[in-house]
Amino acid sequence: MKILVTGGAGFIGGNFAHLMVNQYPEDDIVVLDALTYAGNLETLEPIMDKPNFKFVKGNICDRDFVDELFKNEKFDVVVNFAAESHVDRSIENPEIFLETNIMGVQVLMDACRKYGIQRYHQVSTDEVYGDLPLDRPDLLFHEDTPIHTSSPYSASKASADLLVMAYHRTYGLPVTISRCSNNYGPYHFPEKLIPLVISRALAEESIPVYGEGANVRDWLYVRDHCTAIDLIIRKGKDGEVYNIGGHNEKSNLEVVKTILKQLGKSEDLITYVKDRPGHDLRYAMDPEKIETELGWEPEYRFEEGIKVTIQWYLDHKDWWQHIVNGEYQDYYEKMYKNREL
Ligand code: NAD
Ligand code: DAU
């Protein structure tokens, strides 16, 4: 199979590209990424020279470019991770979220229709379901929970999901959607809670906790998300939505304190700051459908995954320090200056 992985220089797409390249030497993996502030080619360095891997720099909103790429490459499967992904940035500047997360999806699906593919897979999020109350642990998100969004980010992702299902029903495009809970693990950009806490704690810097830190997220180790998507593109049914999550609900304060404890740092670093506007209270996924229909099982509980993650950040200081000091953005120039076709 030839698989297009869009957004593969980002956190989850990068982990997915590693998994695909190493696990399926018979498949060809092409990463397409615009290298926005969130894209980092250093994430792809370990697989860059593998014979079944290729990197292409480009924007999913650029219709002519995407058309040409599909015409030349003849993909069998497209997995779309490319997105603006940070809720706080969407509150500051919604527009780019609508462009990439909605219009970019349309451009990709139009190319899929024109050139024919076996499957278009849309990587979506639990945030499309809105939030759950803190005092009702019995409530979980199911695939048929109504869409009910809070932020410009989640509204853009929900819009994309609706468009994907419309392309399936109207044009018969073979699609699947996965909606996953919060991921953590290697190559996570240090603007997001877990890598932010690790990198700032190591530098003895204050840790900003929004509101009272009581909001709850359902944390999944990134590799478990990637194995779920792998199963869906190979065995999932066209037109279906699959929830992904591992029942690892933690309040933000619990997460922050766990990390500080494991790093041997003081809780005095915690600084309570003004809450995020429209801040979702609690996310919690019911992953029963993917477990029973496709046999997916997460490998990591939070307690184990967070240890592995902290160790990865300790062992890969260069990777995140290049982000913190901005050096990662020179990487493309350095590596690709003489390699453009
Ligand atoms: P990320 O921000 O780390 O990576 C996004 C990647 O997309 C970057 O490499 C960026 O350069 C690229 N990109 C952005 N705009 C582009 C464009 N117009 N054209 C081409 N490439 C572009 O994001 P992530 O955390 O890896 O999330 C990946 C996907 O998974 C997103 O669709 C997100 O909505 C979804 N998701 C994320 C989580 C999570 O916890 N991080 C959970 C569920 C779903
Ligand atoms: O649930 C899936 C979503 O998870 C994905 O769709 C998003 O792309 C991804 O960014 C993530 O969204 P969150 O908003 O949940 O993640 P974030 O790491 O930004 O925040 C996690 C929680 O921690 C949230 O309740 C806000 C809080 N927080 C975050 C930051 C960055 C803080 O308290 N302090 C912070 O500095």
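For ligands, and for the atoms within them, numbers begin at 1 and follow the listed sequence. Along the sequence shown, residues carry numbers from 1.
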Pair [X] + [Y]: basic N to acidic O under 4.0 Å:
| X | Y | answer |
| --- | --- | --- |
| Asp88 | Arg276 | yes |
| Glu127 | Arg179 | no |
| Lys289 | Glu240 | yes |
| Arg89 | Glu84 | no |
| Lys71 | Glu68 | yes |
| Arg217 | Glu254 | no |
| Arg282 | Asp218 | no |

Where ligand 2 meets [X] - atom numbers and elements under 4.0 angstrom, heavy-atom basis:
| X | answer |
| --- | --- |
| His86 | 19 (O) |
| Lys192 | 10 (O), 18 (O) |
| Tyr153 | 5 (C), 6 (O), 7 (C), 8 (O) |

Protein contact of [atom] - nearest heavy atom, named by residue and atom, plus distance:
| atom | result |
| --- | --- |
| atom 33 (C) of ligand 1 | Tyr153 OH, 3.5 Å |
| atom 25 (O) of ligand 1 | Phe11 CD2, 3.7 Å |
| atom 18 (N) of ligand 1 | Asn59 OD1, 2.8 Å |
| atom 24 (C) of ligand 2 | His279 NE2, 3.4 Å |
| atom 2 (O) of ligand 1 | Ser85 OG, 2.7 Å |
| atom 14 (O) of ligand 2 | Arg276 NH1, 2.6 Å |
| atom 4 (O) of ligand 1 | Gly10 CA, 3.4 Å |
| atom 10 (C) of ligand 1 | Thr36 OG1, 3.3 Å |
| atom 8 (O) of ligand 2 | Ser85 O, 2.7 Å |
| atom 30 (O) of ligand 1 | Val123 CG1, 3.4 Å |
| atom 18 (O) of ligand 2 | Leu193 N, 2.8 Å |
| atom 29 (C) of ligand 1 | Phe81 O, 3.3 Å |

Between [X] and [Y]: side-chain donor-acceptor atoms closer than 3.5 Å:
| X | Y | answer |
| --- | --- | --- |
| Tyr120 | Gln122 | yes |
| Glu73 | Tyr115 | no |
| Ser151 | Ser154 | yes |

Looking at ligand 1, would [X] count as a contact under a 4.0 Å heavy-atom criterion?
| X | answer |
| --- | --- |
| Ser181 | yes |
| Gly58 | yes |
| Asp33 | yes |

>> Just to check, does Glu191 reach to within less than 4.0 Å of ligand 2 when the distance is taken from its heavy atoms?
In response: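 So Glu191 counts as touching ligand 2.
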> Where the closest heavy atom to atom 36 (O) of ligand 2 is concerned, which of Gly211, Pro208, Ser90 has it?
Replying inline: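 The nearest heavy atom belongs to Pro208.
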> Considering only heavy atoms, which of Ala34, Gly104, Gly185 lies nearest to atom 20 (C) of ligand 1?
Replying inline: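 Nearest heavy atom to atom 20 (C) of ligand 1 lies in Ala34.
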> Given the rule in the side-chain hydrogen bond (donor to acceptor under 3.5 Å, both in side chains) test, do Asp315 and Gln311 qualify, once you have shown the distances and angles that lead to the verdict?
Replying inline: CA-CA 6 Å; Asp315 294 341; Gln311 194 56 50; 3.1 Å; yes
Hey, does [X] come in under 3.5 Å of ligand 2, counting only N/O atoms on both sides?
| X | value |
| --- | --- |
| Cys180 | no |
| Asn182 | yes |
| Tyr210 | yes |
| Asn215 | no |
| Thr125 | yes |
| Val209 | no |

What part of [X] sits under 4.0 Å from ligand 2 if we count only heavy atoms: the side chain, the backbone, both or neither?
| X | result |
| --- | --- |
| Asn252 | side chain |
| Leu196 | side chain |
| Glu127 | side chain |

> What residue among Lys50, Lys54, Arg234 forms salt bridge (charged side-chain N to carboxylate O under 4.0 Å, His left out) with Asp27?
Replying inline: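 The option that passes is Arg234.
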> Do Phe11 and Phe81 have ring centres separated by under 6.0 Å?
Replying inline: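 That pair fails the under 6.0 Å test.
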>> Please report whether the ring centroid of Tyr187 lies less than 6.0 Å from that of His18.
In response: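 Yes, they do, as the ring centres are separated by less than 6.0 Å.
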> Counting N and O atoms only, with roles assigned by atom type, does the side chain of Asn59 sit under 3.5 Å from a partner on the main chain of Ala34, one being a donor and the other an acceptor?
Replying inline: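 No, the answer is negative, given that no donor and acceptor are paired below the 3.5 Å cut-off.
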> Knowing that exactly one of Tyr300, Phe302, Trp312 qualifies, which makes a ring pair (Phe, Tyr, Trp, His ring centres under 6.0 Å) with Tyr221?
Replying inline: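 Exactly one option meets the ring pair (Phe, Tyr, Trp, His ring centres under 6.0 Å) with Tyr221, and it is Tyr300.
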> Which value, rounded to the nearest 0.5 Å, describes the distance between Ile96 atom CD1 and Asn101 atom CG?
Replying inline: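 Here the interatomic distance stands at 8.5 Å.
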For ligand 1, is any non-hydrogen atom under 4.0 Å from [X]'s backbone (N, CA, C, O), its side chain (CB onward), both, or neither?
| X | answer |
| --- | --- |
| Leu35 | backbone |
| Glu99 | neither |
| Asn183 | both |

>> Once you measure the plane-to-plane angle for Tyr171 and Tyr167, does it fall in the parallel (<30°), tilted (30-60°) or perpendicular (>60°) bin?
In response: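 Tyr171 vs Tyr167 ring planes: perpendicular.
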